Structure formats: structure tokens, C-alpha cells
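Here is the structure we will look at.
Since this is a predicted model, take the numbers as computed values, not measurements. Position 1 is the first residue of the sequence, and the numbers go up from there.
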Amino acid sequence: MIEYEYSFKVKSLKPYIEYCEKNNYELKSDTKQIGRVLKADNNTVARIKIDLPKKGTPRKVVDFKDADDSKNLVKARRESLPLAFEDEEAVESILEFLGYNKKDGSYIRRRRVFVKGNVTFEMDYYVKSRNKVMAIEGEKTEVDKVYQEIKHIELKNGELRI
């Protein structure tokens, strides 16, 4: 499937969380993630992630995505559905067999996901770098419309301004 998304760094996630709450987006998940990215020669990446929810059982998944190192605000690229797994050794063996042998990074982040209709907000706080990254993805027309609504959000004196 093709993932259509806007992705950009922000100074604070707070006004975007407030936007989602104000506009009836549902908080689908709030998890800590530990992840690793591996690259192959075919310009794709494999992502191995461990989701650590505040409550419940940790979940290990692997998925694949077209690589795109550009700094473009909007990206449309192929992305697989995540595959849950338990046997790390088997997954590592399969990835090596498929040519995913170039380490492209690792991370620890807190990810909040808000959803409403065909629009998903993914809000990431990366622990090591302290970067905050917003992604809005989903159906192109709706995502474009939502981006136009939020592109001027800024935090001023602790209040949400649009």
C-alpha cells in the first residue's frame, strides 16, 4: 500500500495534542518504542520495533518501507503492514537472507497516535536526540486539508493558536 504523509519537526507536541483533542481525534495508542532500521540495496528499509505500552504486553513487529532520505515535507511511498513476531533469531535470519544488512539507525521514542476517519496523527518524541516529530498520514485529500488547518499552529504563552 502507499503511505501518504506530511512529516516535520516541531518545537512542541503539546499544541498538536490539543488540536487532536479539540477536534475529536481518538487517542489509539501511547507507547514507548525501541526500534532498529536496516537498509537493503533495493532502496527499501526493514524496521524492527518493540512497542512497550503503559499497560499490556510488549509487541514485536517488523515492517518494510521504501527508503526516502529526502527532507521533503510530503512523501508518498510504499509501506507494508506490520508483521508481529516472537522469534527474533528467525526474523534476523530472514532479514539477512533478504539483504537487509546495512544498519541505518536505532531509536527509543514515545509515540502517540490519534485517529479520526482517514487521518492519522503520529507524534514522536525521540529520547536521545530530544527531537519532536509530527506526521499526518492517510487519504491524500483529507490529509492535505488537515495540514492546511494545522500548518500555522504555534505555542504562544502556553495557549494554542491557529
Discussion item. Determine whether a donor-acceptor pair (N or O, by modelled atom type, separation under 3.5 Å) exists between the side chain of Asp66 and the backbone of Arg78.
Written reply: yes
**Message:** Check this for me: Glu86, atom CD, are more than 12 non-hydrogen atoms of other residues, nucleotides or ligands nearer than 6.0 Å?
**Reply:** no
Between Val133 and Ser7, is the side chain to side chain contact (heavy atoms under 4.5 Å, CB included) condition met? List the steps. CA-CA 7 Å; Val133 177; Ser7 182; 3.8 Å; yes
Smallest heavy-atom separation, Phe8 atom then Ile150 atom, equals CZ-CD1, 4.0 Å
Check: Lys75 main-chain N/O paired with Asn72 side-chain donor or acceptor under 3.5 Å: no
- prompt: Is Met134 linked to Tyr125 within one hydrophobic cluster, defined over Ile, Leu, Val, Met, Phe, Trp and Tyr using a side-chain heavy-atom separation of less than 4.5 Å?
  reply: yes
Scanning both residues in full, the closest heavy-atom pair of Val45 with Ala67 reads CG1-CB, 4.0 Å
| request: Consider only side-chain N and O atoms of Glu137 and Tyr6, and report whether a donor and an acceptor are under 3.5 Å apart. | output: no
Between Tyr147 and Leu73 the two heavy atoms that sit nearest each other are OH-CD2, 3.4 Å
- Do the side-chain N and O atoms of Tyr126 and Arg109 include a donor-acceptor pair separated by under 3.5 angstrom? yes
Residues Val143 and Gly138: closest non-hydrogen pair is CG2-N, 3.3 Å
Set out, in order, the CA-CA distance, both residues' side-chain angles and the distance that settles salt bridge (charged side-chain N to carboxylate O under 4.0 Å, His left out) for Glu88 and Lys60, then state yes or no.
CA-CA 9 Å; Glu88 288 182 50; Lys60 298 175 190 174; 2.6 Å; yes
Note to self: Under 4.5 Å between side-chain heavy atoms, counting indirect links through other Ile/Leu/Val/Met/Phe/Trp/Tyr residues: same cluster for Val74 and Tyr16 or not?
What the structure shows: yes
| task | Determine whether the aromatic ring centres of Phe121 and Tyr25 lie less than 6.0 Å apart. | result | yes
inquiry  = With a 4.5 Å cut-off on side-chain heavy atoms, are Glu18 and Lys14 touching?
reply    = yes
*For Ile48 and Glu92, run side chain to side chain contact (heavy atoms under 4.5 Å, CB included): C-alpha distance rounded to whole Å, both residues' side-chain angles, the deciding distance at 0.1 Å, then the answer.*
CA-CA 9 Å; Ile48 302 166; Glu92 294 289 340; 3.7 Å; yes
- Taking side chain as C-beta onward, heavy atoms only, is Val113 less than 4.5 Å from Thr120? yes
Paired with Glu122, the salt bridge (charged side-chain N to carboxylate O under 4.0 Å, His left out) test is passed by just one of Lys28, Arg110, Arg111, namely Arg111
Evaluate the side-chain proximity of Asp104 to Leu38: yes if any heavy-atom separation is below 4.5 Å, no if none is.
no
Requested in this report: Using the salt bridge (charged side-chain N to carboxylate O under 4.0 Å, His left out) rule, take Lys132 and Asp124 through it: C-alpha gap first, then chi angles, then the decisive distance, then the call.
Outcome: CA-CA 6 Å; Lys132 297 157 196 81; Asp124 296 329; over 6 Å; no
The reported gap from CG in Asn131 to NZ in Lys128 (rounded to nearest 0.5 angstrom) is 12.0 Å
Margin query: Taking Leu95 as the starting point, is it possible to reach Phe97 by hopping between hydrophobic residues whose side chains are less than 4.5 Å apart?
Written below: yes
The reported gap from CD1 in Ile50 to CD in Gln33 (rounded to nearest 0.5 angstrom) is 10.5 Å
Scanning both residues in full, the closest heavy-atom pair of Pro53 with Thr31 reads CA-CG2, 3.8 Å
Do Val10 and Ile153 belong together in a cluster built from hydrophobic side chains that touch within less than 4.5 Å? yes
| message | I'd like to check Arg112 versus Leu13 (side-chain heavy atoms, cut-off strictly below 4.5 Å). Are they in contact? | response | yes
Hey, are Glu142 and Asn118 close enough side-chain-wise for a donor-acceptor pair under 3.5 Å?
yes
Please tell me if the side chains of Leu52 and Ile34 come closer than 4.5 Å, counting only heavy atoms from C-beta onward.
yes
So CG of Asp30 and CG of Asp51: to nearest 0.5 Å the spacing works out to 11.0 Å
Is Phe85 close to Arg59 at the side-chain level, that is, under 4.5 Å between some pair of heavy atoms?
no
In the structure I gave you, are the side-chain heavy atoms of Asp63 and Glu79 within less than 4.5 Å of one another anywhere?
yes
> Do the non-hydrogen side-chain atoms of Lys103 and Lys39 ever get within less than 4.5 Å of each other?
Replying inline: no
Worksheet item: Do Asp144 and Tyr4 have a side chain donor and acceptor closer than 3.5 Å?
Response: yes
- Are Tyr19 and Leu27 grouped together when hydrophobic residues (ILVMFWY) are joined by side-chain heavy atoms under 4.5 angstrom apart? yes
When every non-hydrogen atom of Met123 is compared with those of Phe114, the smallest separation belongs to CE-CD1, 3.7 Å
_Near-ring test Tyr100/Phe64, centroid separation under 6.0 angstrom_ = yes
Taking atom CD of Glu139 as the centre, does the number of heavy atoms from other residues, nucleotides or ligands within less than 6.0 Å exceed 12? yes
